[in-house]
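Here is the structure we will look at.
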Amino acid sequence: MTTAKRDTYTPETLLSVAVQVFIERGYDGTSMEHLSKAAGISKSSIYHHVTGKEELLRRAVSRALDELFGILDEEHARVGTAAERLEYVVRRMVEVLMAELPYVTLLLRVRGNTGTERWALERRREFDHRVAALLKDAAAEGDVRADVEVRLATRLVFGMINSIVEWYRPEGPDGRGGVSGASGAGEREVVDAVARLVFGGLRKAS
């Protein structure tokens with residue numbers, strides 16, 4: 001450990017390291033000692049930036065949640081038919097997931113064992129309900145099929161999108177994002193594929 005490294009460490013780089021450790025070890029299985037070793041700085045240096053590991057967790061999941069809720073405030077999520085807005089939101093969800101992969105991965109793995117985790121789960125449910133409301137409105141407008149129950153359809157859509165964290169890697173062997181261990185598809189191809197699969201099944205046949 002060097003003084004230079006301690007001096008150049010920032011809250012952002014510390015957060016990035018903490019997220020990786022939380023994902024690898026699980027939040028409950030991570031101690032401040034683990035974070036200290038992974039960051040290459042002393043525990044006292046970590047406490048200079050944060051009060052403890054739960055603050056790091058809250059910062060991490062807040063980053064993911066802020067990005068997801070930000071989608072709903074974008075113009076194309078608020079203007080147009082419900083089906084158009086829903087497709088925009090789905091595409092942007094995939095984009096955010098890939099752009100903020102470690103943070104969204106951690107968000108999806110919280111289990112509600114701490115106050116921060118319970119808060120994150122509640123926020124996730126709120127986001128899910130708002131997307132489900134879009135799907136319900138699209139069905140009411142006659143633009144998506146009505147023979148699949150809205151809650152079930154919502155769970156299936158989220159299941160497809162959330163599964164991306166298990167196999168997508170930002171850098172494939174050719175420098176593009178893709179499936180781990182294969183050349184895979186680039187980010188745009190993943191977004192387009194999810195949209196085609198979701199809305200090919202959801203849209204009402206003309």
Side-chain angles (χ1 to χ4, degrees), residues 10-27 38 56-78 80 83-111 116-117 120-121 123-132 134-135 138 153-203:
T10 67
E12 187 62 27
T13 52
L14 175 60
L15 182 62
S16 178
V17 169
V19 168
Q20 292 297 340
V21 178
F22 290 156
I23 291 172
E24 290 168 9
R25 302 188 61 89
Y27 177 73
L56 286 166
L57 176 67
R58 190 175 185 97
R59 288 187 184 186
V61 295
S62 291
R63 174 166 166 167
L65 287 163
D66 288 348
E67 290 291 329
L68 289 170
F69 274 94
I71 295 170
L72 303 178
D73 292 328
E74 294 170 6
E75 181 179 0
H76 292 296
R78 296 183 290 104
E84 290 170 341
R85 288 181 282 133
L86 178 63
E87 181 167 355
Y88 177 81
V89 168
V90 166
R91 284 178 171 274
R92 288 287 292 122
M93 284 171 61
V94 178
E95 290 174 349
V96 165
L97 185 149
M98 290 189 291
E100 302 290 345
L101 186 63
Y103 298 91
V104 177
T105 300
L106 182 61
L107 173 64
L108 294 176
R109 292 183 181 177
V110 298
R111 292 293 177 264
T116 292
E117 290 178 281
L121 287 172
R123 292 283 284 160
R124 268 184 60 193
R125 281 191 288 270
E126 181 184 347
F127 181 80
D128 292 359
H129 290 159
R130 290 182 65 176
V131 177
L134 270 179
L135 179 54
T154 303
R155 287 182 179 275
L156 292 171
V157 170
F158 273 101
M160 180 189 296
I161 295 172
N162 293 344
S163 72
I164 294 173
V165 305
E166 303 300 332
W167 53 261
Y168 182 79
R169 298 296 176 267
E171 292 295 329
D174 57 358
R176 300 189 308 165
V179 180
S180 178
S183 58
E187 289 187 13
R188 179 49 51 194
E189 292 168 279
V190 175
V191 172
D192 289 343
V194 170
R196 282 195 299 269
L197 287 169
V198 169
F199 292 96
L202 277 179
R203 283 193 183 277

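Here the structure is a predicted model, which is why all the values come from computation and not from measurement.
When the shell of 6.0 Å around CZ of Arg109 is examined, it contains more than 12 heavy atoms from other residues, nucleotides or ligands.
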**OP:** List the steps, then state whether side-chain contact (heavy atoms from CB on, under 4.5 Å) holds for Glu74 with Val89.
**Re:** CA-CA 9 Å; Glu74 294 170 6; Val89 168; over 6 Å; no
**OP:** Using the side-chain contact (heavy atoms from CB on, under 4.5 Å) rule, take Val191 and Val90 through it: C-alpha gap first, then chi angles, then the decisive distance, then the call.
**Re:** CA-CA 9 Å; Val191 172; Val90 166; over 6 Å; no
**OP:** Start with the C-alpha gap between Phe127 and Met93, add the side-chain angles, then the distance that decides, and say whether side-chain contact (heavy atoms from CB on, under 4.5 Å) holds.
**Re:** CA-CA 11 Å; Phe127 181 80; Met93 284 171 61; 3.9 Å; yes
Original post:
Hey, mind stepping through Trp167 and Ile164 against side-chain contact (heavy atoms from CB on, under 4.5 Å) and telling me if it holds?
Top reply: CA-CA 6 Å; Trp167 53 261; Ile164 294 173; 3.7 Å; yes
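Minimum heavy-atom separation, Ala120 to Leu65: CA-CD1, 4.2 Å. Of all non-hydrogen atoms in Pro102 and Ile23, the two that sit nearest each other are O-CD1, 3.4 Å. Arg63 and Glu100 get closest at one heavy-atom pair: NE-OE1, 2.8 Å. Scanning all heavy atoms of the two residues, the minimum distance from Ala138 to Ala83 falls at CB-N, 3.8 Å. Of all heavy-atom pairs between Ala132 and Thr154, the closest is CB-OG1, 3.6 Å. The two residues Glu87 and Phe199 come nearest to each other via the heavy atoms CA-CZ, 3.1 Å.
A salt bridge between Arg91 and Asp192 is present, with a side-chain N of the basic residue lying under 4.0 Å from a carboxylate O of the acidic one. Under a 4.0 Å N-O distance rule, the pair Arg111/Glu117 does not qualify as a salt bridge. Here Glu84 does not pair with Arg78 in a salt bridge; the nearest charged N to carboxylate O distance is not below 4.0 Å.
A donor atom on one side chain and an acceptor atom on the other are not found under 3.5 Å apart for Tyr103 and Glu67. For the residue pair Ser16 and Thr13, no side-chain donor N or O sits within less than 3.5 Å of a side-chain acceptor on the partner.
Using a 4.5 Å heavy-atom threshold, the side chains of Leu156 and Met160 count as separate. Counting heavy atoms from C-beta outward, Pro11 and Arg59 have side chains that approach closer than 4.5 Å.
Between the side chain of Glu189 and the backbone N or O of Gly186 there is at least one donor-acceptor pair closer than 3.5 Å. With hydrogens and angles disregarded, a donor-acceptor distance shorter than 3.5 Å links the side chain of Arg85 to the backbone of Gly80.
Interatomic distance, CG of Leu15 versus CZ of Arg58, reported as 13.5 Å (0.5 Å rounding). The CG atom of Leu108 lies 10.0 Å from the CZ atom of Phe158; values are rounded to the nearest 0.5 Å. Rounding to the nearest 0.5 Å gives a distance of 9.5 Å between CG of Leu106 and CD of Gln20. To the nearest 0.5 Å, the span separating CZ on Arg92 from CG on Leu68 amounts to 9.5 Å.
Residue Leu107 forms a side-chain contact (heavy atoms from CB on, under 4.5 Å) with just one option from Leu57, Leu97, Val61, and that option is Val61.
In this pair, Tyr27 and Phe22 present their aromatic rings perpendicular. The plane angle is above 60°, beyond the 30 to 60° band.
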